[in-house]
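In this text, all values refer to a predicted model and were calculated from it rather than measured experimentally.
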2 protein chains.
Amino acid sequence: MFQVPTKTQYAIRALVHLVRHSAASAGAIAEAEHISPKYLEGILAQLKAAGLVVSDRGRMGGYRLTRNPFTIPMLDVVKAMEGEVRLVECVGEGGACFAASGCLPRKFWLGLKQTVDTYLTSVSLGDIAEVDSSEGIPSVADRPASQTQIKE
Amino acid sequence: MFQVPTKTQYAIRALVHLVRHSAASAGAIAEAEHISPKYLEGILAQLKAAGLVVSDRGRMGGYRLTRNPFTIPMLDVVKAMEGEVRLVECVGEGGACFAASGCLPRKFWLGLKQTVDTYLTSVSLGDIAEVDSSEGIPSVADRPASQTQIKE
DNA sequence: TTAAAATCATACTAAACCGATAGGAATTTA
DNA sequence: TAAATTCCTATCGGTTTAGTATGATTTTAA
């Protein structure tokens, strides 16, 4: 259950790529990750809107992370793609619940949401990319491409 | 994210109803829980196929749980409705992964699945129904129909 | 200055999924 | 025998999803 949308999976793979390459164009990422280029453009736009990446237009342009990947909990990524995590309608605030049982399952769903949120907060993008936490500070834009190890 | 399908939510509410009423017809459950009756029929059929409930046809028929609700982990319910939990394609076995990064996110998804599974296993249907664990033993199939209270 | 490479913007599409409905056949009991 | 029920199968409209199409805008490099 809870099939994770392809879009979100793509977003994560794109971000991992950015962690490991410091900067890259949509086309480059698409090719490396086997994602439809045009589709990926939209995903990157979303990530940008969420403030996770920044872009440079024009020739030689591309995308970069805005923060150290170890400061980006995966929950942020997921939220960027899917909006606020809401497993179930009535988990929100003024949930007018029609269930005769007074919405007994609500606690259950809240517990599940809590569990998922905790996990997603505990893992960072840096963790996933499996990059050394001491080096991976690409963000600051102008890291020398020479230094960057693209250890495939 | 991970919006839980209405169908699954309905299933849980129906089961909670069965815990609290011992037995009930699809129509009765539908009315009490404000669920489309015909739609609910299909849901109950699925629950039956999964062995969670049993049915009596004909007049005075209806549905009953097959087990003590405290022995039914919610994971079983979810699986009954949505099949095996598979958050992501490549979490399966021979996942041929096209990602250049060798599917780095895989561990992440596996961890999430593990987290969710653990939670869903730790909570039982009985817990949700908030019924006294000493009484709620409808299961044993052959409870006298006369005795069976289809109270409303 | 110009052409290529890139982001950005917008609209469209085909397919799948989802919640629900329709119409009955089969079964059981009062 | 009639009513109440489960069971079976098909269909439907709406939404989402993954992807495509087209082109405008921006920037750099030659």
**Q.** 5′-ward residue of the pair A/Pro5/B/Glu41 relative to DNA chain D
**A.** B/Glu41
Please determine, for the side chain of [X], which listed nucleotide ([options]) has the closest atom?
X: A/Arg59; options: C/dA5, D/dT20, D/dC8; value: C/dA5
X: A/Met60; options: D/dT28, C/dT7, D/dT20; value: D/dT28
X: A/Ser36; options: D/dT6, D/dT20, D/dT27; value: D/dT20
X: B/Ser25; options: C/dA30, D/dT6, D/dC7; value: D/dT6

Q: Answer with yes or no whether A/Arg57 presents, from its side chain, a donor or acceptor under 3.5 Å of a partner atom in the base of D/dT26.
A: no
Q) C/dG19 base to B/Lys38 side chain: any donor-acceptor pair below 3.5 Å? A) no
Q) Do the side-chain N and O atoms of B/Thr71 and B/Asn68 include a donor-acceptor pair separated by under 3.5 angstrom? A) no
Q: Under the side-chain hydrogen bond (donor to acceptor under 3.5 Å, both in side chains) rule, collect the residues that match up with A/Ser36, sequence neighbours excluded.
A: none
Q | Crowding at CD, B/Gln46 (>12 non-hydrogen neighbours, <6.0 Å) | A | yes
Q: Quick one: label B/Gly62 by what it contacts on the DNA or RNA (base, sugar-phosphate, nothing), any heavy atom closer than 4.0 Å.
A: sugar-phosphate
Q.
If I compare all heavy atoms of B/Ile72 with all of B/Val77, which pair ends up nearest, and what's the gap?
A. CG2-CG2, 4.1 Å
Spacing between [X] atom [atom1] and [N] atom [atom2], to the nearest angstrom:
X: A/Glu82; N: D/dT16; atom1: CD; atom2: P; value: 13 Å
X: A/His34; N: D/dA18; atom1: NE2; atom2: P; value: 19 Å
X: B/Lys7; N: C/dC17; atom1: NZ; atom2: P; value: 12 Å
X: A/Gln3; N: D/dT17; atom1: CD; atom2: P; value: 11 Å
X: A/Tyr39; N: D/dT16; atom1: OH; atom2: P; value: 14 Å
X: A/Glu31; N: C/dA6; atom1: CD; atom2: P; value: 11 Å
X: B/Leu40; N: C/dA22; atom1: CG; atom2: C1'; value: 17 Å
X: A/Met81; N: D/dT17; atom1: CE; atom2: P; value: 11 Å

May I ask you to verify if any side-chain N or O of [X] is less than 4.0 angstrom from the OP1 or OP2 atom of [N]?
X: A/Tyr10; N: D/dG19; value: yes
X: A/Ser55; N: C/dC8; value: yes
X: B/Thr6; N: C/dG19; value: yes

Q: Determine, for B/Arg67 against B/Asp76, whether the closest basic-nitrogen to carboxylate-oxygen distance falls under 4.0 angstrom.
A: yes
Q: For the pair A/Lys107 and B/Glu130, find out whether any cationic side-chain nitrogen is under 4.0 Å from an anionic carboxylate oxygen.
A: yes
Q. Which of residues 44-52 of chain A sit near DNA chain D, with a heavy atom under 4.0 Å from it?
A. none
Q: Check the angle between the aromatic planes of B/Tyr39 and B/Tyr10 and answer parallel, tilted or perpendicular using the 30° and 60° thresholds.
A: perpendicular
Q: Would you sort out whether B/Leu47 and B/Leu44 count as a side-chain contact (heavy atoms from CB on, under 4.5 Å), showing the intermediate values?
A: CA-CA 5 Å; B/Leu47 293 174; B/Leu44 287 166; 4.2 Å; yes
